[in-house]
Amino acid sequence: MQQDAIIIGGGFAGLSAAYILARARRHVTIIDSGTPRNRFAAHSHGVLGLDGKSGLEILTDARAQLAAYPTVTFVEGEADAAEGVLDDFHVSVAGHGSIAARRLLLASGVEDRLPDIPGLSERWGKTVLHCPYCHGYEIGGGPIGVLATQPMSAHQAAVVADWGDVTLFTNGMPEPDEETLALLERRNVTLQPGTVSIIETGTCDMLRVRLENGRTFDVKALFVAAELHMRGTIAESLGCALQETPAGKILTTDAVKATSVAGVYAAGDNARAFGNITLVSADGVMAGLGIHQSLMFASHS
Ligand SMILES: Cc1cc2nc3c(=O)[nH]c(=O)nc-3n(C[C@H](O)[C@H](O)[C@H](O)COP(=O)(O)OP(=O)(O)OC[C@H]3O[C@@H](n4cnc5c(N)ncnc54)[C@H](O)[C@@H]3O)c2cc1C
């Protein structure tokens, strides 16, 4: 049976859109491969009324609530291709064949790619962190590192300085310009040149940042701006317009989260330069409203 909408990605954005469509009694299929971006962190913070709850738990609860709506179908798996035009899209899912729908929502998120430094990736979401607003409070002050990965890392270090005593490890990045150096000085950020060779466990569960020259620095946490990449190639294959941001390429959307391709919507980290659970949930709600309105007011609905 043709669905009103298929949502590719059942994370925070996708499920938020699903509530809107389910409550409008529209037939919606959510395809999800079960790997939300924050799965590495045991707790999520700053989410209204849910501070400290794990992201996976929030999603599990939302899925259970959505499953109670008779027009919602969940498909566990990876959507590997999508094609079609307004009112006639087809999405194929390995092991589940092809599913048809009038609208598509791309809510598949982004992937964080970390620098290839031994000891970094296994600590991601625990003591190697992406955002002080999400996890800075729990560090409780003290020595904190920021690993430079891009020119904006100096700004990140200046921000993180509100959460502790920051050392910016330049790791081969060019020395910041004078204005930035002055900002770092005002924010009491220490600049540490040299290449980072490994992240180890230091004393008292601290992280030990070891430089190639042998010097070591113990910090309570290390912030890293990962390279963000949209997941999969479905958006490109459909011809959706993309735009460059300092955080990487994202999908271009309008006020109701419609992409440049008629009938295709996008919400979540794949369609905004900075995402967190609340922001992408709001995007999902907006996409759900946009899809519903377009289904209602299309001439033959
Ligand atoms: C380590 C870490 C900790 C974080 N902590 C916080 C926090 O404490 N508070 C906060 O507000 N924010 C936090 N964030 C940010 C937050 O996780 C993201 O903003 C949010 O997950 C983005 O939601 P999304 O729905 O766009 O994508 P995701 O949550 O990543 O969900 C995308 C979903 O799509 C699925 N998917 C992808 N491709 C396909 C496909 N082809 N077919 C089917 N399914 C597919 C994935 O499996 C996934 O389930 C954190 C991020 C990281 C990296």
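As the structure is a prediction and not an experimental result, all values here were calculated from the model. Each ligand, and each atom within it, is numbered from 1 in the order the structure gives.
With respect to atom 43 (C) of ligand 1, the closest heavy atom belonging to the protein is G77 O, 3.3 Å. Atom 1 (C) of ligand 1 has its closest protein heavy atom at G125 CA, 3.8 Å. Protein heavy atom closest to atom 8 (O) of ligand 1, with residue, atom name and distance, is H45 N, 2.8 Å. The protein heavy atom nearest to atom 34 (O) of ligand 1 is G9 CA, 3.2 Å. From the protein, the heavy atom lying nearest to atom 13 (C) of ligand 1 is C134 SG, 3.6 Å. What sits closest to atom 38 (N) of ligand 1 on the protein, heavy atoms only, is S108 CB, 3.3 Å. Counting only heavy atoms of the protein, atom 17 (O) of ligand 1 lies nearest to N38 CB, 3.1 Å. Of all protein heavy atoms, the one lying nearest to atom 27 (O) of ligand 1 is G109 CA, 3.7 Å.
Taking only non-hydrogen atoms, the option from V110, L279, D32, V75 nearest to atom 35 (C) of ligand 1 is D32. Of the listed residues (S16, A17, S33), the one carrying the non-hydrogen atom nearest atom 36 (N) of ligand 1 is S33. Considering R37, E111, H130 only, the shortest heavy-atom separation from atom 50 (C) of ligand 1 involves H130. Between the choices I277, I7, L59, the shortest heavy-atom distance to atom 10 (C) of ligand 1 belongs to I277.
In terms of polar-atom proximity, A13 is counted as a contact of ligand 1, with an N or O under 3.5 Å from an N or O of the ligand. Considering both main-chain and side-chain atoms, D269 comes within under 3.5 Å of ligand 1 through a nitrogen or oxygen pair. On a distance-only criterion, T35 and ligand 1 share at least one N/O pair closer than 3.5 Å. At least one N/O-N/O distance between G34 and ligand 1 falls below 3.5 Å. The distance criterion of under 3.5 Å between nitrogen or oxygen atoms is met by H135 with respect to ligand 1. Polar contact check, V280 against ligand 1: no nitrogen or oxygen pair lies under 3.5 Å apart. For ligand 1, one of its N or O atoms has an N or O atom of F12 under 3.5 Å away. For ligand 1, the polar-atom distance check against A79 finds a nitrogen or oxygen pair separated by under 3.5 Å.
With respect to R102 and D88, no salt bridge is recorded, no charged nitrogen being found less than 4.0 Å from a carboxylate O. Salt bridge D162/R187: present, at least one basic N to carboxylate O contact under 4.0 Å.
Y265 does not carry R103 over the face of its six-membered ring by the limits of under 6.0 Å from the centre and within 45° of the normal.
Side-chain atoms of K220 come within 3.5 Å of backbone N or O of G141 as a donor-acceptor pair. When atom types are taken as modelled, the side chain of T195 and the backbone of N171 share no donor-acceptor pair closer than 3.5 angstrom. For R123 (side chain) and I199 (main-chain N/O), a donor-acceptor pair under 3.5 Å exists by modelled atom type. A donor-acceptor contact shorter than 3.5 Å is absent between the side chain of S281 and the backbone of S16. In this structure a side-chain-to-backbone donor-acceptor pair under 3.5 Å is missing from R23 to I20. Formation of a donor-acceptor pair under 3.5 Å by the T259 side chain with backbone atoms of V264 is found in this model.
Within the 4.0 Å heavy-atom cutoff, G46 does not count among the residues contacting ligand 1. Distances shorter than 4.0 angstrom do not occur between any heavy atom of G284 and any atom of ligand 1.
In this structure, the ring of W163 has its center no less than 6.0 angstrom from the ring center of F223.
Interface atoms of ligand 1 facing D112, defined by a heavy-atom separation under 4.0 Å, are 53 (C). Proximity to A107 (heavy-atom distance under 4.0 Å) selects the following atoms of ligand 1: 32 (C), 34 (O). Atoms of ligand 1 lying under 4.0 Å from at least one heavy atom of N276, given by number and element, are 10 (C), 11 (O), 12 (N), 19 (O). In the vicinity of I8, heavy-atom distances shorter than 4.0 Å reach the ligand 1 atoms 40 (C), 42 (N). Each of the following atoms of ligand 1 lies closer than 4.0 Å to a heavy atom of I31: 43 (C), 44 (N). With ligand atoms numbered from 1 in the order given, ligand 1 contributes 26 (O) to contacts under 4.0 Å with heavy atoms of G268.
For H27 and D4, the side-chain atoms include no donor-acceptor pair closer than 3.5 Å. Defined by atom type and a distance below 3.5 Å, a donor-acceptor pair is present between the side-chain atoms of Q243 and T252. Using modelled atom types, one finds a donor on one side chain and an acceptor on the other under 3.5 Å when comparing Q3 with T29.
A 4.5 Å side-chain heavy-atom check between N38 and S44 finds at least one atom pair inside the cut-off.
L211 is connected to L114 through a chain of hydrophobic side-chain contacts under 4.5 Å among Ile, Leu, Val, Met, Phe, Trp and Tyr, so both are in one cluster.
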Working for salt bridge (charged side-chain N to carboxylate O under 4.0 Å, His left out), residues R113 and E111: CA-CA 6 Å; R113 292 194 195 153; E111 177 194 338; 3.4 Å; yes
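At a 4.0 Å heavy-atom cut-off, ligand 1 touches E78 through backbone and side chain alike.
By the neighbour-count criterion of 12 heavy atoms within 6.0 Å, atom CG of N213 is densely surrounded, having more than that number from other residues, nucleotides or ligands.
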